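First the structure, in the form of structure tokens, and then the observations on it.
Keep in mind that this is a model prediction, so the values were computed, not measured. Residue numbers start from 1 in every chain, and the chains themselves are labelled A, B, ... in the order their sequence lines are given, proteins ahead of strands.
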There are 2 protein chains.
Amino acid sequence: MTLHQVPGRLVTIADVAREAQVGESTVSRVLRGQGSYSKRAGERVLEAAARLGYVPNRLAGSLAGNADSVGSQLVGVVIPSLTNIVFPDLLRGLTGDLDTTGFQSVIGVSDYDPAREETLVESLLSWRPSALVLTGLEHTALTVTRLRAAGIRIVEMIDTDGPGLDIVVGFSNRAVGHASARHLIERGYRRIGYVGHDLSQDLRAAKRFAGFEAALREAGLSLHSQELVFDRSSAAVGRAALEALMARAPDTDAVYFSNDDMALGGYFGCLGRGWAVPGRVALFGCHALDITAAMPQPLSTMRTPRLEIGRAAARSLADGAPAGTIDLGFELCQGATA
Amino acid sequence: MTLHQVPGRLVTIADVAREAQVGESTVSRVLRGQGSYSKRAGERVLEAAARLGYVPNRLAGSLAGNADSVGSQLVGVVIPSLTNIVFPDLLRGLTGDLDTTGFQSVIGVSDYDPAREETLVESLLSWRPSALVLTGLEHTALTVTRLRAAGIRIVEMIDTDGPGLDIVVGFSNRAVGHASARHLIERGYRRIGYVGHDLSQDLRAAKRFAGFEAALREAGLSLHSQELVFDRSSAAVGRAALEALMARAPDTDAVYFSNDDMALGGYFGCLGRGWAVPGRVALFGCHALDITAAMPQPLSTMRTPRLEIGRAAARSLADGAPAGTIDLGFELCQGATA
DNA sequence: ATATAAATTGGCAGCGCTGCCAAAACATCA
DNA sequence: TGATGTTTTGGCAGCGCTGCCAATTTATAT
């Protein structure tokens, strides 16, 4: 068997029409189950299509069908990363619910770079998707202009702290940060540190941090120590950062991590050094990764509804939801590390 | 500002042509930087396109351009899951290298279900992608027929244990299993157990298991105990399974997990019960997730080149590699748990 | 200045499909 | 039986773009 063996054209609707001895329009109607046609025509067409191995060409279909009727059945998705498990979870919810509605997702990964997002949006738009799903509320001016001009539905996921372009689905990162700080304060911690990755990149983490600091201030406290890392978030990085932080400010009694994977790394660091958690230092993460629930001491963290956000995004598009914000909230996971 | 405000048509190439006072073909040539055109024409077109906010319509472009020249610039991707971090890693390598070549990925998640894969392939094919990237070598007969008839490049990722349709990129799962068993045997373990998720679903895991058992047999051993789980692989599931296995066969001295996340869960279980690892029981995983390297005792596991597989898949398509298998191998991570 | 080669350009068919419309086939009623 | 309404059907334009080709402009050689 040879690849590329197909010499010329693939089977078209005209071939099926000839084979079934009906007109092209009839084939089109039967195959889409739209409009009226006789039972006999239906059978012949289906039979002929199967025999010929007809595969519809959706490029042609979307081009011909006026955008308003079906749209391209493509949905563009831009996420900042695939490394951070948060985003695959989002995707999972999104694609899972999207393809039950017959949509296909075209995805792009921006690497937390607004310029890259701009390029991706431009590129995705050229497929005339019926909707675009983005992450976060911050986009370049040009991206916003293009999005507006496209005249399609836009969903911005994850962050509800600010105005969106159309549909916004997520939770308040600020509130997550705030609630995390409140929890630590209520548990009696006072010399609280922060370990996070580059805040100028991950704007959601920055908002959590802002909420966190605000809660400290409201309680008459301030951040006791902090360690920022400029790598992509990972357990190894979290571990190193915690160790650096504790070396500089050994009396820190609790640490807030911008992400569970770093918190997990921090926890491993404590285990390795024989530090009691939370005796020596308390640890608090964010996102409630599955793994952290299986730990001997479950990590204290905040559950964010990632899968649900993806699902809600898909559903809002399918249902033609009105513009507006859908806040899915978050939930404290008490855990045993803070 | 209203969404859907665009009343009628979007800007087309004809609009740009009129604005720039050149012919449509010239616009097309300039915008694609193909063929020859004067400097002056180039400037006018670019300027007009920018002023009008022209967004090319790739549906039309791909339809018009004969498949052989550019193809649709879409690549269809089918992965079994987004939960298992293995697949986002694959995607990351793939999309990262793909969009530097101007390709966009349309993805589908099959949930380890061949029938679902069949549907997804059918659906993806209708976008006339220039290539399809699948996971694994096993597909339904109809899928294979369709793939062959499509006349496009096919990449099958991850598994090299068998014949592929066109390009195969991955490693030998059988060999991974075999090498894992060899390692345990060489380290002196004799009463070896297995914890894995449903082997009828995850065919790669099944092949690893087969290689593992073969190595045991060759050494005159047999599997001492095993515990299969039918949930999706996770740390919690791994922990529970290990505990169940140790309850049934307390003298098991080493356990092979089909996946690192389960191994990690198992490790947590041991920590929780105060069992020495590897004193009480040794643990060996698969895939070398990032996290496991940050553990106080790094997990003993097998590093599989997931990112590289995605990259190699993208590259082989971009370069028009010949049909064949690219084996990227794997690497033992000695770790400290086995 | 003229002939010839090279670069640039626009027109138009056609990619495969769907929407529209008028024609044909069938059903219903007086 | 003919008239009227209803369902089914096929033809054809056109979605926005690119490939091809012939026409035009420009550069080079004689």
Side-chain angles (χ1 to χ4, degrees), chain A residues 6 8-45 48-49 52-74 125-128 130 150, chain B residues 6 8-45 49 52-74 125-130 150:
Chain A
V6 176
R9 297 160 27 274
L10 263 40
V11 181
T12 72
I13 221 171
D15 300 320
V16 179
R18 200 175 320 110
E19 184 78 8
Q21 311 199 61
V22 298
E24 297 186 19
S25 339
T26 303
V27 175
S28 175
R29 278 184 291 252
V30 171
L31 259 23
R32 285 177 303 147
Q34 216 180 77
S36 67
Y37 51 88
S38 64
K39 194 169 168 184
R40 181 166 153 286
E43 284 163 3
R44 303 186 65 150
V45 168
L52 262 38
Y54 171 71
V55 178
N57 183 335
R58 292 223 236 177
L59 295 174
S62 299
L63 183 63
N66 264 324
D68 16 275
S69 61
V70 273
S72 76
Q73 301 289 92
L74 282 178
L125 244 19
S126 70
W127 292 107
R128 296 289 185 270
S130 29
Chain B
V6 177
R9 299 161 25 273
L10 264 39
V11 181
T12 74
I13 221 173
D15 300 322
V16 179
R18 203 176 318 112
E19 184 78 7
Q21 311 199 59
V22 298
E24 297 186 20
S25 338
T26 302
V27 175
S28 175
R29 279 184 291 253
V30 172
L31 259 22
R32 285 177 305 147
Q34 212 179 79
S36 67
Y37 51 86
S38 64
K39 195 170 165 183
R40 181 166 153 288
E43 286 163 2
R44 302 186 65 152
V45 167
L52 262 37
Y54 172 72
V55 178
N57 183 336
R58 294 223 235 177
L59 295 174
S62 300
L63 183 62
N66 264 326
D68 17 273
S69 61
V70 275
S72 77
Q73 302 287 91
L74 281 178
L125 243 20
S126 70
W127 293 108
R128 295 290 184 270
S130 29

Rounding to an integer number of Å, can you tell me how far B:Glu24 CD sits from D:dC17 C1'?
8 Å
Counting any heavy atom closer than 4.0 Å, what does A:Arg29 reach on the DNA or RNA strands: base, sugar-phosphate only, or nothing?
base
Tested for side chain to side chain contact (heavy atoms under 4.5 Å, CB included) against B:Tyr54, the lone hit among B:Val27, B:Ile13, B:Val45 is B:Ile13
Across the strands shown, which category fits A:Ala41 at heavy-atom distances under 4.0 angstrom: base, sugar-phosphate, nothing?
sugar-phosphate
In whole angstroms, the gap separating P of D:dG16 from CH2 of A:Trp127 amounts to 16 Å
Please tell me which of the listed nucleotides, C:dA7, C:dC17, D:dT9, lies nearest to the side chain of A:Ser38?
D:dT9
Of all the choices, C:dC15, C:dG19, D:dC15, which nucleotide is nearest to the side chain of B:Ala64 once you look at every atom?
C:dC15
Residue B:Asn57, side-chain atoms from C-beta onward, closest of D:dG16, C:dA7, C:dC17
D:dG16
Ranking A:Tyr54 and B:Ser25 by the position along DNA chain C of their nearest nucleotide, the one closer to 5' is B:Ser25
Check: A:Arg29 side chain, A:Gly35 main-chain N or O, donor-acceptor pair, under 3.5 Å
no
Quick one: which of C:dG16, C:dT18, D:dT18 gets closest to the side chain of B:Ser28?
D:dT18
C:dG10 phosphate, OP1 or OP2: any side-chain N/O from B:Thr26 under 4.0 angstrom?
yes
Using whole Å, what does the distance between atom P of nucleotide C:dC15 and atom CG of A:Asp15 come to?
11 Å
Looking at C:dG19, I'd like to know if its phosphate oxygens (OP1 or OP2) sit under 4.0 Å from a side-chain N or O belonging to A:Arg32.
yes
Could you give the CZ-to-C1' distance, from B:Arg44 to C:dT8, as a whole number of Å?
15 Å
Classify the nucleic acid contact of A:Thr12 as base, sugar-phosphate or nothing, counting any heavy atom under 4.0 Å across all strands shown.
sugar-phosphate
Whole angstrom value for the distance that separates P of C:dG14 from CG of B:Leu59
22 Å
Round to the nearest Å and state the distance from A:Leu10 atom CG to C:dG16 atom C1'.
11 Å
Report yes if the side chains of B:Val16 and B:Val11 come closer than 4.5 Å at any heavy-atom pair, otherwise no.
yes
For residues A:Arg32 and A:Ser28, is any side-chain donor paired with an opposing acceptor at under 3.5 Å?
yes
Here the distance between atom C1' of C:dT18 and atom CZ of A:Arg58, to the nearest Å, is 15 Å
Output, in order, the C-alpha distance, side-chain angles, deciding distance and verdict of side chain to side chain contact (heavy atoms under 4.5 Å, CB included) for B:Leu52 and B:Glu19.
CA-CA 9 Å; B:Leu52 262 37; B:Glu19 184 78 7; 3.9 Å; yes
Please give, in whole Å, the distance from C:dG16 C1' to A:Arg18 CZ?
13 Å
